[in-house]
Structure formats: C-alpha cells, structure tokens
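Data block below; observations after.
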Amino acid sequence: MSRIQSVRVDQIYDSRGKATIEAEVVLESGAHARAGAPSGASTGAHEVAAFPKGGVSAALTTVRQRLVPALLGLDAGDQASVDSTIHAIDGTPDLSQVGGNSATALSVATAMAFALERGEPLWKVLARPGVDGRKFPAIVGNCLNGGRHAIGGPDIQEFIAYADDADPARSIQAALRVHAIIGEELHHRYPTVALGRGDEGGWVAAIGNVEALEFLSEACAQTRDELHIPVYPGLDLAASEFFEAGNYRYHDRTLDSPGQVAFVAELVDQYGIRYLEDPLDEEAFEPFAELTRAVGSRTLVVGDDLYATNVSRLRRGIDLASTNAVLIKVNQVGTLTDTLRTVDLAGSKGIATVTSHRSGEVPESWLAHVAVGTGARALKCGLLGGERMAKLNELLRLGRATGGTTDAR
Ligand code: PGA
Ligand code: ZN
C-alpha cells in the first residue's frame, strides 16, 4: 500500500498572475510530487467553485485544518477513496468549501506521487482500458483571440488551428506554423499597429470575426501546402459569453437561436471548420443537437460550458445527441475520479474527449498525461508561452518515448 505520509498546500500564481493552489503529496516510501491547479476566465455556470468565498486563503485554511488530516494514511493508489474523502470533507455539491482548485491540485499530486513510486509515467496510472500510450491526440492550438481572453478583438473567443496528424510532433509543428503565419500576415496588413497576444498566447487584433476566420483558413491552407500535415480551422465561440435574453449579440449583428445555428453551420461549410466548441449557450442542449445533426459529420462539435465536465450534464447531452465531443477540464469538476467518470461515459457512447487547459495556467506538464492516458481525441493547451509549451513539450517527449504511431487517422 502506498500510504500518504504528509500533504502540503500553498499559494502559487497562474499565468495571469492570479493566485491559485498547489499541493505536494509525500508517500511513506519517500516518493513525492507536486501539482498546481489552473483557473478559467470564461467559466461555465455549472463548474464547481474554483475557490471558496474567502478565496485562496480560505481554501488553504480549510484544507489544512480539515482535509489534510483526513488524507494522511490513505492509499495513494486508491484514487477513488482519496477523491471521495475530498468530497466528504467538503460536503457540498459544488466543492465550495475546499474549492475545485484545491481538489484538483491534491488529486493530481496524489496520482503523480503514486506513479513515481511505481516508476511509471502518470499517463499509465490514469490509462483507460485499451489505452497503450501509442495513440496521440490532435492539437487544438489557439492562434487568434477575442472575447473574454482579449478585449478589443473579435467577439468569438478563440480561432484555432486543429492539427490532426497521428504523430504529435507533426501536429505541433503545423499548429505553430499556422500561429506564425497569422502573426506575419497581421503585421503585413497592419504594419503600424502593435500586435498583442491573449491569455493563451493567440494573437489579438482589432479585427472582426469574419476577417479573423479568413486569416485562419488561409494560414491553415498555406501550412498544409508547405508541410503536408492535416491542419484545419477551428473555433471556440464561448457563446454563453455573448448570449443575452435569448439572443446572440455580436458587435455587428444580433441572432436568435435558429439564426445562430444557421450562421455557425454556414461558417463550418464556408471555412472547412473541423473543430467547433461552444457554438451555442450553455443551456442550449436542443439547439446544439440541431447543429450537430447539420454539421456533426464534418466537424467535432464540442461542449465545454455546456457540460462543465459534469457526468450528469454529459448524460443529458448524450440522450439528446447534443454534441459528438466533450471538453475535459479537471478543475471544472474537481477531482481526477470525477473527470475519469465523465471520460468513461463519453468513451462508452462514442463521444470524443478533448483534454483542455484553462486560460490561466500553471507551467506544468501533467495535462499531457491526462490526454494520453484517457485516449483523448485532442489536446487543447494553447501554443505559446512557457505554461502552454510545458504541455506540448511533454507530449513530444511521450511521442518519442513510445516511438509515436503510424496509424492513419
Ligand atoms: P477558460 O476558457 O479557461 O477561461 O474558462 C477556456 C475555454 O473557454 O475553453
Ligand atoms: Zn471553451
């Protein structure tokens, strides 16, 4: 048994300079590991609370006084019992006493310490049945930012390079190339305007949605020609952020729900979009289903705020055929056990999973292991900045360690 000997939680900062939590778990064998939790900006209404009302300091007090004593002596190899202890001590449905970020840091640090003790990579400890570490996720790379991640840009939150090569090194290369071409083109078209980057490393420019999509699709086409790697446009609309009183309010147009479904379906066909996240409001299960019926054969339709990694919300989405994919963010739901429950439901129903970062990240690499261990269809982790690169570089290492795969997509 891999008994937990000591647990430490402390404040650290995320990539936006906001306070978050890291945990360190030490096992009796001496194996120990540390993990930090990220934070979102466009958080879904159905996520657990990242922190209790008093913020990070309240979380630290509660965890140190009440949760840590309950974790000591537990078996780090029994993730389910560690995670259920976190829930039991918290005692609320939305983890609002200890906070989802404490839960994530503790849960992941426990799994990492256990993996170290066993001398195995983290992905192996998390591996779902049938996962052998030789199948790698596509890359969902944020290239141009708007919405809450880049005030002054387009209303759509993320313009994405969806790079879908079986070899992760090639997918990463292609996504980075699309990002670079967009930067060069923006500079070329607006030579006197300073170019900024958003929270996830994508470019920020005061351009409209359609112009941004044109930049993106041209950069993808150029990259396909140059590198012969399959890379196509993707979007995360984060539509709940501009949904008000039944309408989708863009700077230049207001659309009702059927109007939004038709508008997005047209964008999918016009620009060859293959990755489409949160195109509708987080309560719009039925309109999501209409859109998936219309375009789901040509693109992943991914629920982020719609599901908030929550197993009951995903069940509802499966019953209604709302999407063909679900975004997976550990701290939306709290613990690894909750996360794996959602992953397993998705797997059993043929719903693709996309393992995702948050816009405020920590410079750690464990997310790449979650993606590989859960057999994710894609890894969404941004393209630039040390906190994003930590995950991409880890995926590269995992690709090299197993010799990659030659399976065709
Ligand atoms: P968040 O958003 O991390 O700011 O919540 C990212 C996303 O919407 O995918
Ligand atoms: Zn999203």
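Computed from a predicted structure; not experimentally measured.
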With no hydrogens and no angle check, do the side chains of S107 and Q79 hold a donor and an acceptor under 3.5 Å apart?
-> yes
Residue set satisfying side-chain hydrogen bond (donor to acceptor under 3.5 Å, both in side chains) with Q173, at least two apart, ordered chain then number -> none
Partners meeting ring pair (Phe, Tyr, Trp, His ring centres under 6.0 Å) with Y13 (sequence neighbours left out) | none
G30 backbone acceptor or donor facing Q5 side chain under 3.5 Å = no
Using atom types as modelled and distance alone, determine if a side-chain donor or acceptor of R170 lies under 3.5 Å from a backbone N or O of H228.
-> yes
Closest heavy-atom pair, A238 versus Q157, reported as atoms and distance to 0.1 Å, is CB-OE1, 3.3 Å
For the side chain of D75 and the backbone of S2, is there at least one donor-acceptor N/O pair under 3.5 Å apart?
-> yes
Do E283 and R313 meet the salt-bridge criterion of a basic N to acidic O distance under 4.0 Å?
-> yes
Report the distance from atom CD1 of I172 to atom CZ of F136, rounding to the nearest 0.5 Å.
-> 10.0 Å
Measure the OG1-CG distance between T339 and N310 for me, rounded to the nearest 0.5 Å.
-> 11.0 Å
For A219 and T223 the tightest heavy-atom approach is O-OG1, 2.8 Å
Residues R397 and E394 bridged, charged N to O under 4.0 Å = yes
Is there a donor-acceptor pair closer than 3.5 Å between any side-chain N or O of D90 and the backbone N or O of Q97?
-> yes
Any donor and acceptor pair, going by atom type alone, linking the side chain of R128 with main-chain N or O of L126 inside 3.5 Å?
-> yes
Rounded to the nearest 0.5 Å, how far apart are NE2 of H179 and SG of C143?
-> 6.0 Å
Are T292 and N324 linked by a side-chain donor-acceptor pair shorter than 3.5 Å?
-> no
Does the side chain of Q332 come under 3.5 Å of the side chain of D304 through a donor N or O and an acceptor N or O?
-> yes
Does a side-chain N-to-carboxylate-O contact under 4.0 Å join R358 and D14?
-> no
Calculate, to the nearest 0.5 Å, the distance between atoms CG and CD1 belonging to L235 and I160 respectively.
-> 7.0 Å
Hey, is CZ on R34 packed in by over 12 heavy atoms from elsewhere, all under 6.0 Å?
-> no
Gap separating the CG atom of N331 from the CG atom of N101, nearest 0.5 angstrom | 4.5 Å
Do the numbers put R274 on top of the ring of Y162, so that NZ or CZ is under 6.0 Å from the six-membered ring centre and no more than 45° off the axis?
-> no
Output yes when a side-chain donor or acceptor of D10 lies under 3.5 Å from a complementary backbone atom of A23, and no otherwise.
-> no
Please check if any side-chain donor atom of D199 sits under 3.5 Å from a side-chain acceptor atom of S359, or the reverse.
-> no
Charged N to carboxylate O below 4.0 Å: is that the case for D164 and R377?
-> yes
When every non-hydrogen atom of V261 is compared with those of L291, the smallest separation belongs to O-CD1, 3.6 Å
Do NZ/NE/NH1/NH2 and the carboxylate oxygens of E158 and K380 come within less than 4.0 Å?
-> yes
Under the 3.5 angstrom rule, does the side chain of S15 hit a backbone N or O of E361 as a donor-acceptor pair?
-> yes
For the student: nearest non-hydrogen atoms of I273 and L267, plus distance = CD1-O, 3.7 Å
Using modelled atom types only, decide if a donor and an acceptor are shared between the side chain of D132 and the backbone of R134 within a distance under 3.5 Å.
-> yes
Do D83 side-chain atoms and T337 backbone N/O form a donor-acceptor pair below 3.5 Å?
-> yes
H46, NE2: over 12 other non-hydrogen atoms inside 6.0 angstrom = yes
Sorted by chain and residue number, the side-chain hydrogen bond (donor to acceptor under 3.5 Å, both in side chains) partners of H87 (sequence neighbours excluded) come out as D338
Minimum heavy-atom separation for L227 to A174, with atom names?
-> CD1-CA, 4.1 Å
Ignoring hydrogens and angles, tell me if any N or O in the side chain of S171 forms a donor-acceptor pair with the backbone of A163 under 3.5 Å.
-> yes
Aromatic ring centroids of Y250 and F242 under 6.0 Å?
-> yes
d(F215 CZ, I207 CD1) to nearest 0.5 Å is 5.0 Å
Between T309 and L327, which heavy-atom pair has the shortest distance, and what is it?
-> OG1-O, 3.5 Å
